Amino acid sequence: MHDAAFDAVGIDARYVLMEVDEQEAMRVVAEARGPGWLGLGVTAPYKRLVSALCDELEDASLVMGAVNNVVRTDDGRLVGINTDALGFRAGAELALGGTLQGAEVVVAGAGGAARAVVYAALLAGAARVTVANRTLETAAQLVAELADVRPTRPTAVALDSPALAAALRSADLAVNATTVGMVDPGMTLDVDALPGTATVFDCVYVPAETPLLAAARARGLRAANGSEMLIAQAAAAFERWTGVGGMAGVMREAVTPLLADPGARA
Ligand code: NAP
């Protein structure tokens, strides 16, 4: 989708995929200071490692402790940014058909995606944010680190706890930000506990329809996967690298067939 955007605006550049170990990741980051580079996209498990290698971190990435993109300045400095939070907000508000302001949000997960979801929900003025994770200590750490973003403090609970069930009963938005549904089978949230007005959002985008989304739709709830989050975060990064905004449509058109049939990438 990045290449489609480069082509659409006539920029002679390519988004190159690299599978790297930690040493190679550090070498690539050093190389990206060179004049041929606009920046980098970063994915798991290097979002924290790369943040430590940048010369400067913008607020969102500082608070989240992770970068998902790096912008190279004209003088070869690397600025770490995080566009996952604004990507989530765009995707979630599209799914909700409204704003996150005043919403009661339940998030499953406490990794990088969950950090972005919680940060975005707090910044958008959510009325309540409950973070449920398999490993309760990780959720507690996330909540402690993001406690001062807004006066509304997020709460950490364990998956399958009575506290999670209680939060789901009045939730406006239930979000899966774990790898369940993509890596492990099953689902993290009980859609039967949600009110009929709730929206379910899954950060996972492959497969397009996770068991969680299927269960939500079977109950007649609004439901969306992470594809719009993916497109919005990518379009925001593209704008930072090139100065050209408004590319989400081109990127969506390019990526939609690949998400529908991941094998088509080969
Ligand atoms: P991560 O940092 O590795 O975190 C993984 C999370 O999943 C942890 O909270 C972990 O819980 C939980 N988990 C893993 N296996 C589980 C299981 N069997 N049961 C319950 N919980 C389990 O991963 P991430 O980077 O946050 O990514 C999470 C998902 O979001 C991925 O599927 C990724 O593709 C997606 N994502 C989407 C976008 C987008 O643009 N749409 C952006 C970023 C990420 P523990 O702490 O207990 O291990």
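Predicted model, so just to flag it, every value in this text is computed and none were measured. Start at 1 and go down the list; that is how both ligands and their atoms are numbered. Computed over heavy atoms, backbone and side chain alike; hydrogens, waters and symmetry mates excluded.
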Any side-chain donor paired with an acceptor under 3.5 Å for Ser170 and Arg128?
yes
When Thr179, Thr210, Asn176, Asp160 are each screened for side-chain hydrogen bond (donor to acceptor under 3.5 Å, both in side chains) with Thr188, the one that passes is Asn176
If we only consider heavy atoms of Ala110, is any one of them less than 4.0 Å away from an atom in ligand 1?
yes
Answer whether the closest heavy-atom distance between the side chains of Asp84 and Met64 falls below 4.5 Å.
no
Under 4.0 Å from atom 32 (O) of ligand 1, is there at least one protein heavy atom?
yes
By number and element, which atoms of ligand 1 are closer than 4.0 Å to a non-hydrogen atom of Asp184?
15 (N), 16 (C), 17 (C), 18 (N)
Any Lys/Arg nitrogen of Arg169 or Asp190 sitting under 4.0 Å from an Asp/Glu carboxylate oxygen of the other?
no
Regarding atom 7 (O) of ligand 1: of the candidates Thr188, Thr178, Leu136, Val206, which has the closest heavy atom?
Thr178
Minimum-distance pair of heavy atoms, taken over all atoms of Pro211 and Met187:
O-CE, 3.8 Å
Ignoring hydrogens and geometry beyond distance, is a side-chain donor-acceptor pair present between Gln141 and Glu145 at under 3.5 Å?
yes
Let me see the working for Trp241 and Ile11 under side-chain contact (heavy atoms from CB on, under 4.5 Å), right down to the final yes or no.
CA-CA 11 Å; Trp241 294 326; Ile11 295 175; over 6 Å; no
Check ion pair Arg33-Asp55 (N to O, under 4.0 angstrom):
yes
Does an N or O anywhere in Lys47 fall below 3.5 Å from an N or O of ligand 1?
no
same_hphob_cluster(Val29, Val79) at 4.5 Å side-chain heavy-atom cutoff:
no
Just to verify, what does Phe201 make a ring pair (Phe, Tyr, Trp, His ring centres under 6.0 Å) with, not counting sequence neighbours?
Phe88
Could you name the option among Val180, Leu230, Asp84 that has the heavy atom nearest to atom 20 (C) of ligand 1?
Val180
Answer with side chain, backbone, both or neither: which part of Phe88 has a heavy atom less than 4.0 angstrom from an atom of ligand 1?
neither
Where ligand 1 meets Met182 - atom numbers and elements under 4.0 angstrom, heavy-atom basis
31 (C), 32 (O), 34 (O)
Evaluating non-hydrogen atoms only, which member of Ala116, Cys203, Ala177, Ala232 is closest to atom 28 (C) of ligand 1?
Ala177
For Val255 and Ser227, run side-chain contact (heavy atoms from CB on, under 4.5 Å): C-alpha distance rounded to whole Å, both residues' side-chain angles, the deciding distance at 0.1 Å, then the answer.
CA-CA 9 Å; Val255 82; Ser227 61; over 6 Å; no
What residues, two or more places apart in sequence or in another chain, satisfy side chain to side chain donor-acceptor pair (under 3.5 Å) together with Thr73?
Asp75
Which ligand 1 atoms, with their elements, are less than 4.0 angstrom from a heavy-atom of Gly109?
9 (O)
Suppose I only count heavy atoms of Thr135 and a 4.0 Å limit; which atoms of ligand 1 are within that range?
45 (P), 46 (O), 47 (O)
For Thr179, counting its heavy atoms only, list the atoms of ligand 1 lying under 4.0 Å from any of them.
7 (O), 14 (C), 15 (N), 28 (C), 31 (C), 32 (O)
Residue Gly112 vicinity, atoms of ligand 1 by number, heavy atom under 4.0 Å
2 (O), 26 (O)
Only heavy atoms count here, so choose which of Gln233, Met229, Glu137 is nearest to atom 38 (C) of ligand 1.
Met229
Atoms in ligand 1 with a heavy atom of Val204 nearer than 4.0 Å
32 (O)
Please report which non-hydrogen protein atom sits nearest to atom 48 (O) of ligand 1, along with the residue it belongs to and the distance in Å to one decimal place.
Arg134 NH2, 2.9 Å
Could you see which bit of Ala108 sits under 4.0 Å from ligand 1, with heavy atoms only: side chain, backbone, both or neither?
neither
Of all protein heavy atoms, the one nearest atom 27 (O) of ligand 1 is Ala113 CB, 3.9 Å
Can you name the atoms of ligand 1, numbered from 1 with element, that are less than 4.0 Å from a heavy atom of Gly111?
2 (O), 4 (O), 9 (O), 26 (O)
Closest protein heavy atom to atom 11 (O) of ligand 1, given as residue, atom name and distance to 0.1 Å:
Asn133 OD1, 3.3 Å
